[in-house]
Amino acid sequence: MGKSRTTTQSGVGRPLSRAFFARDPRRVARELLGKVLVRQTEREFLAARIVEVEAYLGEKDPAAHAAAGRTARNAVLFGPPGHAYVYFIYGNHYCLNVSCEAEGKAGCVLFRALEPLFGVEDMARNRGVKVWSLGDLPYLTSGPGRLAEAFAITRARDNGCDLTSAASGLWIADFGDRPRHIRVTPRIGISKASDKRLRYLVEGSPFVSGR
DNA sequence: ATATCGATTATCT
DNA sequence: GATAATCGATATG
């Protein structure tokens, strides 16, 4: 048996390519909807479908961490595409991004909400909450801080990790899912450039954050 | 249902 | 010293 041509249709999925991320963050953000974030460690296997993201446009975007140029914190954004940019905010939360565009350009996509597919028990443990009913599932992965906690993502462990390689233990897989309807709205929680519509979400998903 | 606020710290001015 | 791409708790209608 050779390599299957239909890997994207199978139950295995395959990591997105470097080329997928080497594009405009708006394009990457839209196409990330329906893809699957996967975490594999000795302890756990977690998978969740991406249902809400935001695009950040690099140095020309006042709301982006790269707006003031390269610093020690945001260095990953200026590196090659497809790598995790993890930052710590409000003294409490980590947030996960993936770097986009060619090396030297600092665009990225922020992961804002996921739909749990596998490893719900472990996500609940990582979050420190109990899941009593299906209605509690969004508390695991709706919101950038929550999803990062559910996946046990930290800056020390995950910043700079290669999201196009399963060998990294954290990657993004394509299972061939294409959301029916995508909505585009202004970004959440920012004060600058808050009029730009750069938030992309799967219409009708109960797992999106906010209203 | 919406509004306001405190927590808590890395990062930058 | 001020700020921040958030969350969860509390208060109020």
Side-chain angles (χ1 to χ4, degrees), chain A residues 21 24-26 28-30 32-33 37 48 50-79 81 83-101 105-116 123-133 135-161 163 170 172 183-202 206-211:
Chain A
F21 296 102
D24 187 296
R26 289 165 287 205
V28 176
R30 182 180 287 275
L32 273 176
L33 296 177
L37 182 67
I50 299 165
V51 297
E52 179 189 347
V53 292
E54 283 175 359
Y56 286 84
L57 308 182
E59 291 181 273
K60 65 187 180 220
D61 179 356
H65 284 183
R70 181 181 180 135
T71 67
R73 176 173 69 156
N74 65 25
V76 170
L77 295 178
F78 292 83
H83 289 259
Y85 168 54
V86 180
Y87 65 88
F88 188 63
I89 189 102
Y90 295 117
N92 282 305
H93 309 289
Y94 291 99
C95 295
L96 173 68
N97 303 251
V98 57
S99 60
C100 299
E101 301 181 303
K105 293 188 76 179
C108 69
V109 172
L110 168 69
F111 293 73
R112 284 200 58 91
L114 310 172
E115 173 183 348
M123 291 184 202
R125 180 174 43 72
N126 291 338
R127 289 269 298 121
V129 300
K130 290 277 186 188
V131 175
W132 293 105
S133 69
D136 292 333
L137 287 178
Y139 292 107
L140 298 178
T141 52
S142 294
R146 287 179 181 153
L147 74 87
E149 190 172 31
F151 274 68
I153 287 166
T154 65
R155 181 168 166 88
R157 187 186 182 193
D158 301 303
N159 190 50
C161 121
L163 297 180
L170 182 67
I172 304 166
R183 185 142 53 105
V184 185
T185 78
R187 293 176 292 188
I188 301 289
I190 56 171
S191 51
K192 300 164 212 157
S194 53
D195 55 314
K196 290 174 167 296
R197 299 165 72 81
L198 293 172
R199 173 173 175 249
Y200 301 80
L201 56 95
V202 174
F207 295 93
V208 302
S209 71
R211 308 136 313 209

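Naming convention: chains lettered A, B, ... in sequence-line order (proteins, then strands); numbering from 1 in each chain. Note: hydrogens, waters and symmetry copies are ignored here, and every other heavy atom, side chains too, is used.
Contacts of A:G145 with the nucleic acid, taken as non-hydrogen atoms under 4.0 Å apart, involve only primed sugar atoms and P, OP1 or OP2. Residue contacts for A:R112: at a heavy-atom cut-off of 4.0 Å it reaches the sugar-phosphate backbone alone, with no base atom in range.
Put simply, CG on A:L77 is 12 Å from C1' on C:dA5, counting in whole angstrom units. Following rounding to the nearest Å, A:Y85 (OH) and C:dA5 (C1') show an atom-to-atom distance of 9 Å. Note: CD (A:E52) to P (C:dT6) measures 10 Å, nearest angstrom. Taking atom CG of A:L140 as the reference point, atom C1' of C:dC7 lies 14 Å away to the nearest angstrom. For A:Y56 and C:dA4, the OH to P distance is 13 Å, given to the nearest whole Å. When the P atom of C:dG8 is taken as reference, atom OH of A:Y139 falls 9 Å away, rounded to whole Å. One can place CG of A:N97 at 11 Å from P of C:dA5, the figure rounded to the nearest angstrom. Rounded to a whole Å, the CD1 atom of A:I190 is 17 Å from the P atom of C:dT3.
Judged by the 6.0 Å and 45° rule, A:R187 forms a cation-pi pair with A:Y56.
In this model, the phosphate group of C:dG8 is approached by a side-chain N or O of A:R146 to a distance below 4.0 Å at OP1 or OP2. Using a 4.0 Å cut-off, some side-chain N or O of A:R155 falls inside it from OP1 or OP2 of B:dT11.
Between A:S209 and A:E52, the side chains place a donor N or O and an acceptor N or O closer than 3.5 Å (distance only, hydrogens not considered). Side chains of A:T185 and A:R197: a donor-acceptor N/O pair is absent below 3.5 angstrom, by distance only.
Toward the 5' end of DNA chain B, the nearer of the two residues A:G91 and A:N74, judged by each one's closest nucleotide, is A:G91. Both A:S191 and A:R127 lie close to DNA chain C; mapped to their nearest nucleotides by heavy-atom distance, the more 5′-ward contact belongs to A:S191. The 5' end of DNA chain C is approached more closely, in terms of each residue's nearest nucleotide, by A:G189 than by the other of A:V129 and A:G189.
A:R146 places a side-chain heavy atom less than 4.5 Å from the side chain of A:R127. Between A:L110 and A:Y87, some side-chain heavy-atom pair lies under the 4.5 Å cut-off. A:V208 places none of its side-chain heavy atoms less than 4.5 Å from the side chain of A:S142. The closest side-chain heavy-atom distance from A:I172 to A:F111 is below 4.5 Å. Proximity of A:R26 to A:L57: side-chain heavy atoms (C-beta onward) are separated by under 4.5 Å at one or more points.
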For A:F207 and A:V202: C-alpha separation, side-chain torsions, deciding distance, then whether side chain to side chain contact (heavy atoms under 4.5 Å, CB included) applies. CA-CA 9 Å; A:F207 295 93; A:V202 174; over 6 Å; no
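Listed candidates were C:dA4, B:dT11, C:dC7. Nearest to the side chain of A:K192 is C:dA4. Which of C:dA5, C:dG8, C:dT6 sits closest to the side chain of A:H93 comes down to C:dT6. Side-chain atoms of A:R73 lie closest to B:dC12 of the nucleotides B:dC12, C:dA5, B:dT9.
Remark: the A:Y87 side chain and the C:dA4 base include no donor-acceptor N/O pair separated by less than 3.5 Å.
Classified by interplanar angle (parallel below 30°, tilted 30° to 60°, perpendicular above 60°), the ring pair A:Y85/A:H65 is perpendicular.
By the criterion of a centre-to-centre distance under 5.5 Å and near-parallel planes under 30°, the ring of A:Y90 forms no stack with the base of B:dA7.
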Every protein N/O lying under 3.5 Å from an N/O of nucleotides 11-13 of chain C:
none

Map every base of DNA chain B to its dot-bracket character, where paired means a Watson-Crick or G-U wobble contact with both distances under 3.5 Å and | marks a partner outside the strand. |||||||.||||.
